[in-house]
Amino acid sequence: MPEITTAHYVMLSAALFSIGTIGVLTRRNVVIILMSIELILNAVNINLVAFSNQLMNMSGQAFAVFVIVDAAAEAAVGLGIIIALFRNKETVNADEIDLMKW
Amino acid sequence: MPESILNGLFFYVLAVVILGGAIMTITRRNAVHSAIWLVVTLMGVAGLYLHLNAEFLAAVQILVYIGGIMVLFLFVIMLVNLDEAAKQRQFNRQWSLALICTLVVLVEFGFFLMRGAGSFAFAEPGQGALKPNTELMAVALFQDYLLPFEIASLLLLVAILGAVLMAKKEI
Amino acid sequence: MNFLESIWLIPLFPAAGALIMLLFGKKLPNKIVSIICPGSVLISFIFALGAVMQLSGLAERRYEKILYTWLPSAGFHMANGDMSRIGADWGFLLDPLSSVMVLVVTGVGFLIHVYSVGYMGHEGGYYRFFGYLNLFMFSMLTLVLGNNYLLLFVGWEGVGLCSYLLIGFYFHKKSAGDAGKKAFVVNRIGDGGFVLGMFLILATFGTLRFTSVTEQAASGHFSIGDPVFTLIALGLFVGAMGKSAQFPLYVWLPDAMEGPTPVSALIHAATMVTAGVYMIARSNVLYTLSPDAMAVVASVGAFTALFAATIGIAQNDIKKVLAYSTVSQLGYMVLACGVGAFGAGIFHLMTHAFFKALLFLGAGSVIHALSGEQDLYKMGALKNKIPVTYGTFMVASLAIIGLPPFAGFFSKDEILWLTWNSSVGISWLLWMIGFITAGLTACYIWRLVFLAFFGKSRVDHHVEHHIHESPKSMTIPLIVLAVLSAIGGWIGWPAALGGSNRLEHWLEPVFEPSHHILAAGGHAAELAASHAQEYMFMGLSVAVACFGVFLAYYFFLKNPAASESLATNFSGIHRVLQNKYYVDEFYNKYLVEGFCKGGGNALWRFDSSVIDGGVNGSAWLTRLFSRASIWWDTWVIDGFVRASAFAVRVLSYPVRLLQTGLVQGSALFILFGILIFMSYFLLG
């Protein structure tokens with residue numbers, strides 16, 4: 001079995017990112033779209049931590065912390081938006097919301 | 001068992017957990033199930049952090065993500081009536097196109113890395129230290145990245161206000 | 001001060017007065033109106049007097065001031081083929097003739113303005129009356145001071161307008177309005193002739209300026225009897241017939257008495273109606289060159305004099321008698337012009353202005369005293385009740401019948417004397433008519449005097465109590481005019497009586513060219529007659545006047561029954577006279593009605609076929625064009641708009657598909673972007 005290199009981690013990250021992207025692009029339920037965004041952010045974090053490990057540098061991990069903070073903020077605001085949306089439009093389906101059209 | 005084999009085994013098991021959890025997350029009809037599979041994925045990622053000498057991050061991942069953000073998700077799922085949505089179509093009309101495109105991108109990404117094995121190399125392994133991890137993290141956050149750290153705290157504050165504003169029934 | 005330089009100001013003072021009255025008069029109190037309007041005329045009179053004084057000092061006794069060319073125009077071909085240009089100037093000419101006129105107009109005009117202050121004091125439209133009166137003064141002064149025929153015509157029409165406005169001053173009375181219209185229409189007939197005459201002058205001489213026309217006509221290039229002069233003279237005379245109320249266009253003047261009495265005095269006795277005589281005198285050279293026209297003028301004048309005098313005898317309205325008397329006296333003046341005695345005509349014009357204005361103002365005073373009564377048979381025995389009016393009226397009556405030494409004697413006698421001696425073939429007949437008319441004049445005027453002032457009072461009882469002498473503003477002009485009527489004739493004291501006839505000498509420069517023409521043509525009147533003969537004529541006319549007075553005395557004062565029996569015995573003649581020879585009825589029946597009916601029919605036909613046809617045709621054309629326009633609009637303009645809209649729609653279709661408004665669609669595009677970039681790097 002070959003040694004596990006940073007490339008493996010990057011590949012894993014890419015796969016996770018792709019799955020997240022697929023979720024964002026295909027699901028109708030906005031809650032699950034938000035979850036997919038969390039997957040994407042985690043893919044980013046994996047990358048950051050993997051390179052931090054390779055370079056023996058703490059910056060990557062520090063940035064990962066920031067990304068987690070960002071994810072928390074995003075989740076809070078995004079879920080607030082979902083609640084407001086549901087209250088006003090009685091739906092959580094992304095393709096029923098086309099206010100940007102006009 | 002040699003350490004490298006153990007390392008590989010560990011990595012592949014976690015990769016399967018992460019990717020499988022992720023796939024289950026985006027395919028579940030019930031949002032609660034999705035959330036639980038997402039927890040699985042995040043746990044996998046936390047394990048990966050441990051493997052990558054980031055114990056502090058692993059702890060943060062479990063505490064903040066699984067303990068905080070995911071609970072938030074579950075609350076919202078409870079607040080929003082998703083029974084109706086669960087009975088409807090789960091994927092939108094562009095799903096096939098999006099799937100193909102994403103897979104193409106993924107393949108191209110893999111192709112990059114394959115070629116990279118020969119034509120471009122990652123940087124040489126660094127000489128710094130990652131241990132003691134928590135101590136070094138404290139140095140990084142409170143010395144090197146103090147200003148971004150403060151900005152991040154401000155961002156959180158704004159996010160809290162925004163979330164309250166959004167969720168409030170009447171402004 | 002150089003008054004000659006500023007003669008152009010003379011008409012402008014009354015014009016300013018008129019402007020003020022007609023713009024702001026309504027708001028001005030009567031006191032201010034009665035200062036401004038007579039005042040403006042007084043200033044004009046002073047300026048005129050000054051200008052005439054200075055004129056008498058000039059060697060040539062002619063002063064022309066041209067302010068600017070008022071009607072510059074393109075050249076035109078004269079009758080003889082030469083090119084000429086019309087250039088009507090706004091120019092003024094002061095020579096002996098216009099100086100007499102301007103003094104009479106401003107002088108008498110001022111007195112009548114003063115009189116009007118009293119007479120019109122209780123009437124509505126006080127400011128309007130004075131505004132019109134001042135406008136009239138402006139027009140009349142333009143008429144007499146203008147240096148060319150066109151400017152004269154401007155004044156001519158201006159006085160016609162004012163005459164119309166003032167006759168119809170009591171416009172709520174239908175008869176007044178009708179009289180105004182009648183005057184206007186009849187005068188337009190005359191104006192037609194005047195305009196034709198003016199065009200002929202233009203075509204013949206290429207100018208309208210009096211001095212140039214006179215100069216060219218008297219230059220000797222034209223022979224006496226040239227038909228063009230007959231045409232010009234007759235054309236101008238038609239105008240004079242209208243303005244100076246000669247037969248057959250006199251009919252408007254008696255009706256014009258509907259206007260206020262000062263208007264009758266000023267416009268329809270003293271000034272405006274003499275404009276025709278002035279114009280003939282002004283054109284004396286043209287008339288002298290055409291003996292035929294002269295004969296016509298003389299005959300018409302003489303006939304009018306007699307004709308009007310006979311009507312005057314049978315009228316019972318005090319103002320109507322005076323109106324016919326005016327027509328008759330105008331006939332005298334025209335007769336004088338017709339026999340070549342232009343100076344005598346102007347002389348009579350002047351004296352007539354005095355005594356006829358006085359007669360009218362006196363009649364106005366009588367009417368005023370009797371609260372508006374105009375019927376002679378409702379007057380009588382007024383001599384003690386209104387003494388000033390009576391006295392001045394007597395003076396005027398003596399003046400008009402030609403009793404020496406009153407003014408009328410000198411002028412009328414000169415006319416009769418010169419008529420007898422004229423070169424016109426029927427001079428004895430003309431003299432005879434004039435002579436009889438003199439007797440008739442004495443008769444009808446004294447009939448008026450006897451009926452109004454003597455005998456028994458026939459005044460209505462309720463009027464009787466109110467009889468009163470007129471206010472000072474009315475009596476003072478009467479007295480001034482009485483003095484002028486008494487002594488005004490002395491200016492023309494004939495040589496036969498040891499005088500020098502200063503007026504004739506004063507006017508000499510104006511009529512000199514005519515005398516030269518006559519002398520050159522051998523037509524000069526033989527004035528070699530002896531003084532004895534002249535005395536004889538004087539005696540005859542005084543005698544006939546006295547006879548007329550005696551007739552009036554016998555029939556209307558001493559033995560009124562005799563006049564009634566005369567009227568019944570000759571009822572036919574009496575009726576004809578009382579109805580003014582039925583001339584008005586004749587005109588109505590054959591001219592007015594015929595014209596109205598025939599003209600109305602023709603106009604109706606013209607209206608329905610041509611005007612309506614034009615209207616309908618244009619409507620049809622409009623419809624046609626609008627149809628075409630609709631087609632063009634629908635298919636071309638709209639089509640263009642629609643086509644461009646369609647093109648935009650078609651082109652926008654694919655772009656519209658991209659704009660779904662769905663977030664995930666936009667995210668997919670981002671992914672496309674990533675895909676394309678990565679493919680680019682991989683393949684590149």
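A note on names: the letters A, B, ... follow the listed sequences, proteins ahead of strands, and every chain is numbered from 1.
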Colleague: Might you point out which heavy atoms bring B:Q94 and C:Q664 nearest each other, and give the distance in Å?
Modeller: NE2-O, 3.1 Å
Colleague: Can you tell me how far the CD atom of B:E108 sits from the CG atom of C:L683, to the nearest 0.5 Å?
Modeller: 7.5 Å
Colleague: List the steps, then state whether side-chain contact (heavy atoms from CB on, under 4.5 Å) holds for B:L97 with C:F672.
Modeller: CA-CA 10 Å; B:L97 189 61; C:F672 271 134; 4.1 Å; yes
Colleague: How about CD on B:Q88, more than 12 heavy atoms from neighbouring residues, nucleotides or ligands closer than 6.0 Å, or not?
Modeller: yes
Colleague: So with a 6.0 Å cut-off around CZ of C:F625, is the heavy-atom count from everything else above 12?
Modeller: no
Colleague: If you draw a 6.0 Å radius around OH in C:Y164, do more than 12 non-hydrogen atoms from other residues or ligands fall strictly inside?
Modeller: no
Colleague: Nearest 0.5 Å, what's the CD1-CG distance between B:I100 and C:L671?
Modeller: 11.5 Å
Colleague: What do you reckon, is CZ of C:R188 surrounded by more than 12 foreign heavy atoms closer than 6.0 Å?
Modeller: yes
Colleague: Within the supplied structure, the quantity of interest is the number of heavy atoms (other residues, nucleotides, ligands) at a distance under 6.0 Å from B:M43 CE; does it exceed 12?
Modeller: no
Colleague: Look up atom CE in C:M678 and atom CZ in B:F109, then write down how far apart they are to the nearest 0.5 Å.
Modeller: 6.0 Å
Colleague: How long is the gap from CD1 on C:I670 to SG on B:C101, to the nearest 0.5 Å?
Modeller: 13.0 Å
